[in-house]
Amino acid sequence: MSAEDALPRATDVLIVGGGATGSGILRDLSRRGLSCVLVEKGDFGSGTSGRYHGLLHSGARYVAKDPLAARECIAENRVIRRIAPACVEDTGGLFVATPADPDDYVEAFPARCAAAGIACEEIPLDEVFRREPSLNRRIRRAFRVPDASLEPWQLIEANLRDARDHGGRALPYRQVVGIERNGGFISSVSIADRRNGTVDRIAPRLVISAAGAWAGRLAGLAGARLEMSPGKGTMLVYNQRMTDTVVNRCHPPGDGDIMVPVHTVAILGTTEIHVDDPDEYGIGREEVEHLVAEGELLFPDIRRMRVLRAYAGVRPLYAAEESVAADGREISRAHVILDHERRDGISNFFSIVGGKLTTYRLMAEQTSDQACTRIGVDARCTTADEELPGLGADRTYYWLGDRLAEHEAEGGGDAELICECEFVTRPMLDRFLAERWPCSLDDVRRGTRLGMGPCQGAFCTFRAAGIVADAVSARSPLEPESDPGAAAADVAERALVAFLRERYKGTRPIASGRQLQELWLATGIYWGSLGIDAFETATSDPATVSDATAEVASDGAG
Ligand SMILES: Cc1cc2nc3c(=O)[nH]c(=O)nc-3n(C[C@H](O)[C@H](O)[C@H](O)COP(=O)(O)OP(=O)(O)OC[C@H]3O[C@@H](n4cnc5c(N)ncnc54)[C@H](O)[C@@H]3O)c2cc1C
């Protein structure tokens, strides 16, 4: 283990959770000159931030029910476009009134947007249908707002990179498993390395929980009260961009009423279902059917389009005592910073809960302000002023064709393509493994988009697994008597099974018609040719899957 990778014994601030919020806090506090360590139990962005809908909110969705959230969204929408232009595809957004949407809501919509400071312009229907021909021709009115599509993993990586440039430490696969108190003070935190099972302790001056939907569990380790009401949201990924603009229904927010174009696909969402445990949820066929039925109001031909997969994330909703009984959509999406000194008598512990990915930077700023006040540091936030590093010289949004153009600019020729759908080449994969090792195939997916295109990993996964296995052999010398071929094959198979199980969870609820044929093809390739029965033994338990992922990563660590 390198010194970079080791857990220090002490730090000013320990941040728990490597989603957008935790990464934003690490960046903010590191820039203010504090020593900070962030620990994440999986890969960065593997929680809700990597399982969201992909929308950079304009705030228009909240104008009726939560004007404060709407104002925060539009302010942060502008900041993110400025500091992370390469993470934003400026699709624009449409709010359209279908025959099912209430007249009074539609009528009041432009004035409410104006009151929240959101640019909103009504546009003629012939222009709307020219631009978006798949939309329902019974749409009565349409308004343009500055919604956009936002890439989460690049954004998180850029926050971590900036934090590291300012001395911050970010450690993946490290899980907080114990919090020790000395009266009203957290004296040390026990952290397990999920790749090798060791547990180390760190003594922080302050602990900030940015553990999202898991924040209640984390607070419990410190003996603090925090009631979360995790809300599962399911989304469907279509194999083409049936719209180039984010399309929302103009009505009180509900299920299946937004389509977001993301890279080469379009994502329909979401549902909202309370779950007791953010690690224990499945996706039911009836949920998929409900989403499609709602989606038909926007895109009447949607049933003829191919769904690639379903996935779900869990909203980190905070159940304030008075709203515990409320339905998921009734619980505020606003963020709340909980000072556990006031609530539980623990003087060096804060939790940040709720909110949206769009407002992650503001949430980080407000939490960091409170943290600085508590430990007596007088330094101002600079995260809205400075552009994030490492997002490419031309600062433009990644487009699939860019990879081909780059390859041709470097002389073209045999690309040694590993993933044809997303144009992932062998040199790209080698670069990723060199920078991020040890890592799993699922980390490779997040970092390179391998397996995220139309074939959903059917043809590229086994090639990538072989390369990961080679990387293991190269980095971990074997015992003299062991068979290197057999050891590499074992690693490759386990990497494959972990990855395929995770992918299968998303295809099972939509497996009918043509998608079922596709699933059988993938099953045939992996089961028939390679003898891998990942589909048969697939589990719906994400904890088991991430354990398998960590296991593979641990093999990688040698
Ligand atoms: C279905 C859905 C759709 C959404 N769509 C949008 C949208 O379009 N636009 C938008 O702006 N917002 C959207 N949101 C909201 C947004 O995704 C979340 O508010 C945001 O991603 C939360 O980020 P976070 O960093 O707070 O939490 P997370 O990303 O969940 O990060 C918390 C991290 O803490 C880690 N952790 C937990 N316990 C421990 C421990 N003991 N030790 C170490 N690490 C731990 C977890 O592994 C996790 O990675 C959506 C949410 C959902 C569920």
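Just follow the structure's listing: the first ligand is 1, and inside any ligand the first atom is 1.
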For atom 47 (O) of ligand 1, what is the closest protein heavy atom, and at what distance to 0.1 Å?
E40 OE2, 2.7 Å

Answer whether the closest heavy-atom distance between the side chains of T271 and L291 falls below 4.5 Å.
yes

With side chains defined as the heavy atoms from C-beta onward, is the minimum distance between I25 and L38 less than 4.5 Å?
no

How close does the nearest protein non-hydrogen atom get to atom 12 (N) of ligand 1, and which residue and atom is it?
L357 N, 3.2 Å

Where ligand 1 meets A211 - atom numbers and elements under 4.0 angstrom, heavy-atom basis
32 (C), 34 (O), 37 (C), 38 (N)

Ligand-residue contact atoms, ligand 1 with G233, heavy atoms, under 4.0 Å
1 (C)

Is the shortest distance from a heavy atom of A20 to ligand 1 less than 4.0 Å?
yes

Say whether R315 and T270, considering side chains only, have a donor N or O and an acceptor N or O under 3.5 Å apart.
yes

What part of T234, side chain, backbone, both or neither, has a heavy atom within less than 4.0 angstrom of ligand 1?
neither

Using a heavy-atom cut-off of under 4.0 Å, does the side chain or the backbone of R174 touch ligand 1, or both, or neither?
backbone

Does the pair R374/E341 count as a salt bridge with the N-to-O cut at 4.0 Å?
yes

Is there at least one pair of N or O atoms, one from Q175 and one from ligand 1, spaced under 3.5 Å apart?
no

Please say whether V314 places an N or O atom under 3.5 Å from an N or O atom belonging to ligand 1.
no

Give yes if a backbone or side-chain nitrogen or oxygen of Y52 is under 3.5 Å from a nitrogen or oxygen of ligand 1, and no if not.
no

Distance filter under 4.0 Å to T358 heavy atoms, resulting ligand 1 atoms:
10 (C), 11 (O)

If you measure from each heavy atom of M235 to ligand 1, is any distance below 4.0 Å?
yes

Evaluate R51 for polar contact with ligand 1, using N/O atom pairs at a separation under 3.5 Å.
no

Considering only heavy atoms, does T48 approach ligand 1 within less than 4.0 Å through its side chain, its backbone, both, or neither?
both

Of all the non-hydrogen atoms in the protein, which one sits nearest to atom 42 (N) of ligand 1, and at what distance?
V176 N, 3.0 Å

For atom 25 (O) of ligand 1, find the nearest protein heavy atom and state the residue, atom name and distance (0.1 Å precision).
T21 N, 3.0 Å

Could you tell me which residues satisfy side-chain hydrogen bond (donor to acceptor under 3.5 Å, both in side chains) with T382, sequence neighbours excluded, listed by chain and number?
R31

Indicate, as side chain, backbone, both or neither, the part of H57 found under 4.0 angstrom from ligand 1 when only non-hydrogen atoms are considered.
side chain

Which bit of A210 is near ligand 1, meaning a heavy atom under 4.0 Å away: side chain, backbone, both or neither?
backbone

